[in-house]
Amino acid sequence: IAEGKVTFPLQRECVKITGFRIPEKIQKQFNTEVRGLDCAAYQIDSFYTEIIPKIEKEVVSTTLFRNQWDDQLFIVDATGSMYPYTYDLLKWIRLKTGLEEKTFVFFNDGDDKPTQQKEIGNTGGIDHVTTNSFLEVRNGLFRTMKRGGGGDLLENNIEALLYGVSVTDGSSDAVMIVDNNSYPRDAALLKEYSGNLKIILCGTSKGLNTDYLSLARQYGFSIHTLTTDLTNLSSLRNGQGIEVDGIVYQVIGDRFRRVQPQF
């Protein structure tokens, strides 16, 4: 059963699907539930064993095992496109021995709030857990995913980052796990952030998002992919470039541009 609302006058985006629901009788018969906004049902407590492994990605676990960071704050994009990568984060937690208690902040860009109502700094759709328990992290992630799938491409990454800093004991250094094909609508809020941010880009098979490269260079952040750690972007001068997975990115003015090969 699809649930939603219609607003008037009739125009673009006047029909909004807010969720899908399985009748209780069918839920019990097949032991299933809907997770997130997608029109798809999953076996309860199956941990996506039938769906996610088929599209599993390893950028998150590979990056975290490679670097062995001790950051206590993780900011995680929990929108629909990130399913394979949030699964990979859970895999890392499951495999990590001696994991210390950390704060995991999950954001879904507004709990399916209409785009026109998304206010910078107050979009919402943010939840967190402070724990070293795999089950508590998984439950917190699924709770956030169920409340919304993201909607438009721009997201509230920095609102979630500042929220994370506010709920930790003064810890501002953080690891942010994000969709390479999206970008923070609220990047201007970074003027309120003074920590060291490590950005893991997910979904880079067609190249790196140059907006993220430019952001990292501007603020002294680092960018991390399945194969590469870019930690010195701020030191690059106009005209200098980097190569990642056979693609060259060059600093032109104050921004990165993809120069070779072109799309």
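For the single chain, residues carry numbers from 1 onward in sequence order.
No side-chain heavy atom of Thr103 sits less than 4.5 Å from a side-chain heavy atom of Gln72. Contact annotation: the side chain of Phe256 never approaches that of Leu208 to less than 4.5 Å [non-hydrogen atoms, C-beta and beyond]. Using a 4.5 Å cut-off on side-chain heavy atoms (C-beta onward), Thr63 and Asn67 make contact. The side-chain heavy atoms of Val244 and Leu230, taken from C-beta on, include a pair separated by under 4.5 Å.
Of the possible donor and acceptor atoms, none in the side chain of Glu101 sits under 3.5 Å from a partner among the backbone N and O of Asn132. A donor-acceptor contact shorter than 3.5 Å links the side chain of Asp88 to the backbone of Ser61.
The two atoms that bring Ser235 and Gln240 nearest to each other are O-OE1, 3.9 Å, heavy atoms only. Between Ser234 and Gly220, the shortest heavy-atom contact is OG-CA, 3.1 Å. Taking each heavy atom of Leu201 and Val59 in turn, the nearest pair found is O-CG2, 3.7 Å. Across all non-hydrogen atoms, the minimal contact from Glu159 to Thr123 is OE1-N, 3.0 Å. Summarising the geometry of Val105 relative to Ala160, their closest heavy-atom pair is CG1-O, 3.7 Å, with the distance given to 0.1 Å. The two residues Tyr83 and Thr86 make their nearest non-hydrogen contact at O-OG1, 3.1 Å.
Heavy atoms of other residues, nucleotides or ligands lying less than 6.0 angstrom from CD of Gln116 number more than 12. At most 12 non-hydrogen atoms from other residues, nucleotides or ligands lie less than 6.0 angstrom from CD of Glu24. Heavy-atom neighbours of Lys25 NZ from other residues, nucleotides or ligands within 6.0 Å: at or below the threshold of 12.
One finds the CZ atom of Phe142 at 10.5 Å from the CG atom of Leu135 (value rounded to the nearest 0.5 Å). The distance from atom OG of Ser222 to atom CG of Leu233, rounded to the nearest 0.5 Å, is 8.0 Å. Note that the CG atom of Asp245 and the OG1 atom of Thr204 stand 6.5 Å from one another [nearest 0.5 Å].
Note on residues 99-131: pairs passing ring-ring contact (aromatic ring centres under 6.0 Å, His included), not counting sequence neighbours, are Phe74-Phe104, His128-Tyr163.
Looking only at atom types and distance, the side chain of Asp77 has no donor-acceptor partner in the side chain of Ser182 under 3.5 Å away. Checking Asp179 against Ser81 by side-chain atom types alone, a donor-acceptor pair falls below 3.5 Å. Neither side chain, Thr144 nor Asn108, offers a donor N or O lying under 3.5 Å from an acceptor on the other.
The hydrophobic clustering, which links ILVMFWY residues whose side-chain heavy atoms are closer than 4.5 Å, places Ile126 and Ile120 together. In the hydrophobic clustering of this structure, Val165 groups with Ile199; members are Ile, Leu, Val, Met, Phe, Trp, Tyr whose side-chain heavy atoms approach within less than 4.5 Å, directly or through other members.
Using a cut-off of 4.0 Å between Lys/Arg side-chain N and Asp/Glu carboxylate O, Asp127 and Arg147 are scored as salt-bridged. For Arg255 and Asp211, the salt-bridge test passes: some basic side-chain N is under 4.0 Å from an acidic carboxylate O.
Exactly one of Asp111, Asp186, Asp109, Asp112 qualifies for a salt bridge (charged side-chain N to carboxylate O under 4.0 Å, His left out) with Lys118. That residue is Asp109.
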